[in-house]
K.L.:
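Mind having a look at this structure? Questions to follow.
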There are 2 protein chains.
Amino acid sequence: MSAITVVLVDDHLVVRSGLKALLGTQPDIEVVAEASSGEEALTAVEGHAPDVVVMDLAMGPGMDGIEAIRKLRERNRKQAVLVFTTYDSDADIVRAVDAGAMGYLLKDAAPEEIFAAVRGAVQGKSVMSPPVASRLFQQLRNPDEVLTPREAELLSLLTEGLSNRELGQRLFISEATVKTHLAHIYAKLGVETRAAAIATAIRREGMR
Amino acid sequence: MSAITVVLVDDHLVVRSGLKALLGTQPDIEVVAEASSGEEALTAVEGHAPDVVVMDLAMGPGMDGIEAIRKLRERNRKQAVLVFTTYDSDADIVRAVDAGAMGYLLKDAAPEEIFAAVRGAVQGKSVMSPPVASRLFQQLRNPDEVLTPREAELLSLLTEGLSNRELGQRLFISEATVKTHLAHIYAKLGVETRAAAIATAIRREGMR
DNA sequence: GGCGGTATCAGCCAAAAGGCTGAGAGACCA
DNA sequence: TGGTCTCTCAGCCTTTTGGCTGATACCGCC
């Protein structure tokens, strides 16, 4: 059996370099290409048809990781995508899985975890770091705390510092409705003020 | 002349691994030890007395990079510290330089930049990534926009979602004083509400 | 056909935040 | 010694936010 082929996508050269060095120690894994942006990732995958794509989510300006994953799936190739990122935000996890990611690893993962994830991915196995898994589990247990699409939309605008009036104008709804949504959001996030909601959203939900 | 000795400090194994691989290509640079936390960094430097310490700022729980730099200087050894981090936040840059960092590099820096910074550091030269330098320059040109220590402290607490009353209690000052500081902070950040201030602080100032 | 979830809106009231002016104390520096 | 900066505080007024209760409409589902 030939080696598992991998394409690396990360905007940081040191990370790609480190990942390549680590994966290079495994005889059954071969890094065939690297990319430093979502756009590059698309052409790299097109050109090398790898078994696995290891992808960072945050990649500076331009296409982000989530979008890249979605685009990769649209061109329905059969490669598996592993997310490899620094933060374990609820929003990112859900969006990545939704976009079609096979696994979700954090950058402080042990080498064995990474190897296992790559090998698992080609067999259709989903591997994720323990903190990530526990977050997903948490969401399944407490569906009451999951924001509705409209609420998430509002929260996202909230993190830009808008007032209720501005939120209403932006979403074409009355200020009263904005306040209703906010009250629900606060309850779900477990906070009592918009300031705390913003802090929670940016830190925990990864809404940056 | 013997090689420049380097200690690597970063909580992510892939980053250490990548940095080591990159620096390993240079015959005049040798990585003599690695550490994954501030605490480890202190003992590693103690044991190896390197010429240069390459240090990440964000390192999970425990001592952060800034504190580690400060501690290293207190034990007044002669090694130079290079900050190597993902974000170029104003607050971090100022704090790092204040703590005694010799250089400030971003993780997307080119290999040549990194090599040059390491070599420059041992000669007492200060090297920083262009975006970092431009931020420092910006601050020198517009000293009116630089937060005072007290304001920075308040802003930091603000990003945790505290109310004016809570801020006052936490800082042992009256609510009136809190409001005065906030007004100054808003003016300096160019915002008009606490929500926008929090958003700006977390995103631009990197206060997470 | 009813039931739960979502999205929309209103009105009322209390609390919090923000804008403004003015002012005193201590530090630092020319 | 006088000016500047920083930190501290007060009062007054307007705007914004948050808490509460209740209501309508649409949609999917059993």
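What's counted below: heavy atoms across the whole structure, side chains too, no hydrogens, waters or symmetry copies. The sequence lines fix the lettering, A, B, ..., with proteins before strands; numbering per chain opens at 1.
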K.L.:
CZ of Arg165(A) versus P of dG18(D): gap in Å, rounded?
P.N.:
14 Å
K.L.:
Do you know the tightest heavy-atom contact between Ala68(A) and Gly38(A)?
P.N.:
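Scanning both residues completely, I find the closest heavy atoms to be CB-CA, 4.1 Å.
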K.L.:
I need the minimum non-hydrogen distance between Thr86(B) and Leu106(B), along with the two atoms involved.
P.N.:
O-CD2, 4.1 Å
K.L.:
Rounded to whole angstrom units, what separation is found between the CZ atom of Arg150(B) and the C1' atom of dC7(D)?
P.N.:
8 Å
K.L.:
Please work out which residues in residues 166-178 of chain B have a non-hydrogen atom less than 4.0 Å from an atom of DNA chain D and list them by number.
P.N.:
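By residue number: Ile173(B), Ser174(B), Ala176(B), Thr177(B).
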K.L.:
Taking atom CZ of Arg16(B) and atom CG of Asp56(B), what is their separation to the nearest 0.5 Å?
P.N.:
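Interatomic distance, Arg16(B) CZ to Asp56(B) CG, rounded to 0.5 Å: 10.5 Å.
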K.L.:
Could you state the interatomic distance from CG (Leu23(A)) to CZ (Phe115(A)), rounded to the nearest 0.5 Å?
P.N.:
6.0 Å
K.L.:
For Arg70(B), enumerate each residue passing the side chain to side chain donor-acceptor pair (under 3.5 Å) test, keeping only those at least two apart in sequence or located in another chain.
P.N.:
none
K.L.:
Quick one: list whatever passes side chain to side chain donor-acceptor pair (under 3.5 Å) with Arg150(B), sequence neighbours left out.
P.N.:
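Side chain to side chain donor-acceptor pair (under 3.5 Å) check on Arg150(B) returns Glu153(B).
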K.L.:
How long is the line joining CD of Glu153(B) and C1' of dT8(D), in whole Å?
P.N.:
14 Å
K.L.:
If you define the side chain from C-beta out and look only at heavy atoms, does anything of Lys179(B) sit under 4.5 Å from Asn164(B)?
P.N.:
yes
K.L.:
Answer yes or no: is there an ion pair linking Glu67(A) with Lys71(A), defined by an N-O contact shorter than 4.0 Å?
P.N.:
yes
K.L.:
Less than 4.5 Å apart, side chain to side chain, heavy atoms only: is that true for Tyr104(A) and Thr85(A)?
P.N.:
yes
K.L.:
Can you check each nucleotide of nucleotides 19-30 of chain D against protein heavy atoms at under 4.0 Å and return B for base, S for sugar-phosphate only, - for none, in 5' to 3' order?
P.N.:
B-----------
K.L.:
If you pin Thr193(B) and His184(B) to their nearest nucleotides in DNA chain D, which one's is more 5'?
P.N.:
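Mapping each residue to its closest nucleotide by heavy atoms, the 5'-most match is His184(B).
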K.L.:
For Thr148(B) and dC5(D), is the shortest distance between a side-chain N/O and OP1 or OP2 below 4.0 Å?
P.N.:
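Checking dC5(D) against Thr148(B), no side-chain N or O comes under 4.0 Å of OP1 or OP2.
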K.L.:
Take Ser174(A) and Thr177(A) through the side-chain hydrogen bond (donor to acceptor under 3.5 Å, both in side chains) test and state the conclusion after the steps.
P.N.:
CA-CA 5 Å; Ser174(A) 79; Thr177(A) 306; 3.2 Å; yes
K.L.:
Would you grab the first and last nucleotide of DNA chain C (5' to 3') that comes under 4.0 Å of any non-hydrogen atom in chain B?
P.N.:
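It runs dA16(C) to dG19(C).
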K.L.:
Distance check needed: dT15(D) C1' versus Arg194(A) CZ, whole Å only.
P.N.:
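It works out to 13 Å between those atoms.
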K.L.:
Take Gln26(B) and Ile4(B), measure what side chain to side chain contact (heavy atoms under 4.5 Å, CB included) needs, and give me the verdict at the end.
P.N.:
CA-CA 10 Å; Gln26(B) 304 304 104; Ile4(B) 299 170; over 6 Å; no
K.L.:
If an axis is fit to five pairs at each end of the helix from dG1(C)-dC30(D) to dA30(C)-dT1(D), what is the angle between the two, to the nearest 10°?
P.N.:
40°
K.L.:
Tell me the interatomic distance from His181(B), atom NE2, to dC7(D), atom P, rounded to whole angstroms.
P.N.:
6 Å
K.L.:
So Leu19(A) and Val54(A), do their side chains get closer than 4.5 Å, heavy atoms only?
P.N.:
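Yes; the side chains approach each other to less than 4.5 Å.
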K.L.:
Using only atom types and a distance under 3.5 Å, with no angle test, would you say the side chain of Thr5(A) pairs donor to acceptor with the backbone of Asp51(A)?
P.N.:
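Yes; at least one donor-acceptor contact below 3.5 Å.
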